[in-house]
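Below you'll find the structure, written out as structure tokens, and then a few comments.
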Amino acid sequence: MTNNILSTTEVEQFDRDGYVLVPDLFSPAEVAVMIRSVEGGSRVAEMTRGTADATGKKARLAIWHELGDDVWAAASTCPRVVNNVRIILREEIAFFHGKVMLKEAKSGGAWEWHQDYGYWYDQGYVFPRMLSVFVALDAATKENGCLNVLRGSHELGRLTHTIVGTQTGADPNRMPQLETMFERVAVTMSPGSALFFHCNLLHTSAPNLSDHHRRSFIMCYNALANPQLGDKKTSAQVPCPVGADDAILKFA
């Protein structure tokens with residue numbers, strides 16, 4: 001990445017692999033502001049709910065569909081994020097939703113294999129012109145349940161998803177075969193690093209049985225011209241604003 005803009009090589013990597021990892025997209029000072037908002041902010045406290053994996057362990061998350069006026073909106077409209085999502089999708093974008101994932105030490109549950117579009121198709125989005133930006137707030141390691149992806153699996157298209165625990169997961173009869181066809185990558189990340197990934201990329205994560213939290217912030221975007229069917233609408237389809245590059249630090 002040069003001048004906070006993805007290079008042609010990085011965009012080609014996204015197209016080929018279904019993801020691209022950008023180290024240190026956010027500074028330690030910016031991550032510290034987000035961590036404080038996780039631990040003491042009203043939005044996360046009010047929106048958090050638990051989701052059980054197949055073993056019954058719970059991964060907690062807070063999710064919202066509006067930008068608001070807080071550190072999370074500042075991150076979601078940061079030019080380092082918004083402009084690169086536009087470059088990857090090659091069109092104007094809309095903010096879809098943000099979520100804080102709380103995979104806490106010793107207790108955080110797994111996330112089953114799934115595609116984000118496995119959820120989002122059922123929310124009415126017509127085309128898979130959507131992606132997520134996953135930002136590590138703590139170090140993400142194999143020990144604390146970092147994200148795992150199947151490189152190139154976005155080329156499969158949308159798979160059938162079923163209920164696994166209280167989560168929605170990719171077809172459990174098909175997954176063992178698919179795992180042999182694609183390289184499985186453990187995406188270890190330092191705090192502030194960001195993974196841009198396609199909505200059809202298969203991904204999972206193990207439970208956190210370590211002594212260290214693995215918290216993250218995920219920003220999700222839709223192509224502005226990708227319609228959401230009328231009875232499913234969750235938010236207005238308007239161009240995502242681009243904020244100031246230093247807006248997060250104003251909440252310090």
Side-chain angles (χ1 to χ4, degrees), residues 18-19 38 43-65 96-125 128 130-138 140-151 153-154 156-179 182 184-187 189 195-210 213-222 228 232 234-235:
Y19 68 92
V38 169
R43 175 131 49 168
V44 173
E46 292 168 2
M47 299 291 186
T48 297
R49 58 184 175 83
T51 301
D53 62 19
T55 70
K57 288 188 176 66
K58 285 192 175 180
R60 298 195 305 136
L61 78 160
I63 185 169
W64 50 84
H65 288 85
F96 177 23
H97 68 260
K99 52 197 171 195
V100 169
M101 309 288 269
L102 302 167
K103 189 172 284 197
E104 291 154 318
K106 297 290 189 184
S107 61
W111 286 95
E112 308 295 335
W113 281 113
H114 69 280
Q115 301 163 312
D116 288 343
Y117 195 54
Y119 296 76
W120 299 346
Y121 175 84
D122 289 333
Q123 293 177 35
Y125 286 98
M130 311 175 78
L131 62 78
S132 297
V133 184
F134 180 108
V135 179
L137 301 181
D138 302 298
T141 66
K142 293 179 182 179
E143 290 72 27
N144 68 6
C146 70
L147 206 65
N148 279 235
V149 303
L150 294 185
R151 190 194 302 272
S153 60
H154 63 304
L156 289 165
R158 182 179 65 89
L159 302 177
T160 299
H161 282 61
T162 60
I163 299 300
V164 182
T166 60
Q167 297 179 19
T168 300
D171 184 351
N173 295 316
R174 182 166 293 197
M175 278 309 307
Q177 300 172 69
L178 293 177
E179 287 186 72
F182 297 92
R184 179 170 179 161
V185 179
V187 186
M189 302 171 67
L195 185 76
F196 292 72
F197 67 95
H198 191 282
C199 65
N200 271 332
L201 184 73
L202 281 162
H203 56 288
T204 188
S205 64
N208 183 5
L209 304 179
S210 78
H213 294 323
R214 201 224 75 184
R215 297 165 294 188
S216 55
F217 177 48
I218 306 174
M219 300 161 279
C220 303
Y221 300 89
N222 178 41
Q228 186 181 19
K232 301 287 187 179
T234 54
S235 57

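For the numbers below, each heavy atom of this structure counts, side chains included, while hydrogens, waters and symmetry mates do not.
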Original post:
Have His114 and His203 got a donor and an acceptor in their side chains that come within less than 3.5 Å?
Top reply: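 Yes, side-chain donor-acceptor contact under 3.5 Å.
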
**OP:** State whether a side-chain donor-acceptor pair under 3.5 Å links Arg184 with Asn148.
**Re:**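 Yes.
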
Just so I know, are the side chains of [X] and [Y] near enough to count as touching, which here means a heavy-atom distance under 4.5 Å?
X	Y	result
His154	Tyr19	no
Tyr117	Tyr125	yes
Ser205	Arg214	yes
Glu104	Asn208	no
Val38	Leu137	yes
Phe197	Asp116	yes
Ile218	Met101	yes

**OP:** Would you verify whether the NZ or CZ of Arg158 falls within 45 degrees of the ring axis of Tyr121 while also being under 6.0 Å from that six-membered ring's centre?
**Re:**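 Verdict for Tyr121: a cation-pi partner in Arg158.
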
**OP:** Classify the ring geometry between Trp120 and His97 as parallel (under 30°), tilted (30 to 60°) or perpendicular (over 60°).
**Re:**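 Answer is perpendicular, since the angle exceeds 60°.
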
Subject >> Separation of Gln115 CD from Asn200 CG (nearest 0.5 Å) >> reply: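 These two atoms lie 4.5 Å from each other.
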
Original post:
Roughly how far apart are Phe96 CZ and Leu131 CG, rounded to 0.5 Å?
Top reply: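 Between Phe96 CZ and Leu131 CG, I get 12.0 Å after rounding to 0.5 Å.
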
**OP:** Considering non-hydrogen atoms only, spot the tightest contact between Phe182 and Leu150 and give its length.
**Re:**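 The pair with the smallest heavy-atom distance is CB-CB, 3.8 Å.
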
Original post:
So which heavy atom on Pro128 is nearest to which on Cys199, and how close?
Top reply: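 For Pro128 versus Cys199, the nearest heavy atoms are O-SG, 3.3 Å.
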
Original post:
Step by step, would you call Leu178 with Asp171 a side chain to side chain contact (heavy atoms under 4.5 Å, CB included)?
Top reply: CA-CA 10 Å; Leu178 293 177; Asp171 184 351; over 6 Å; no

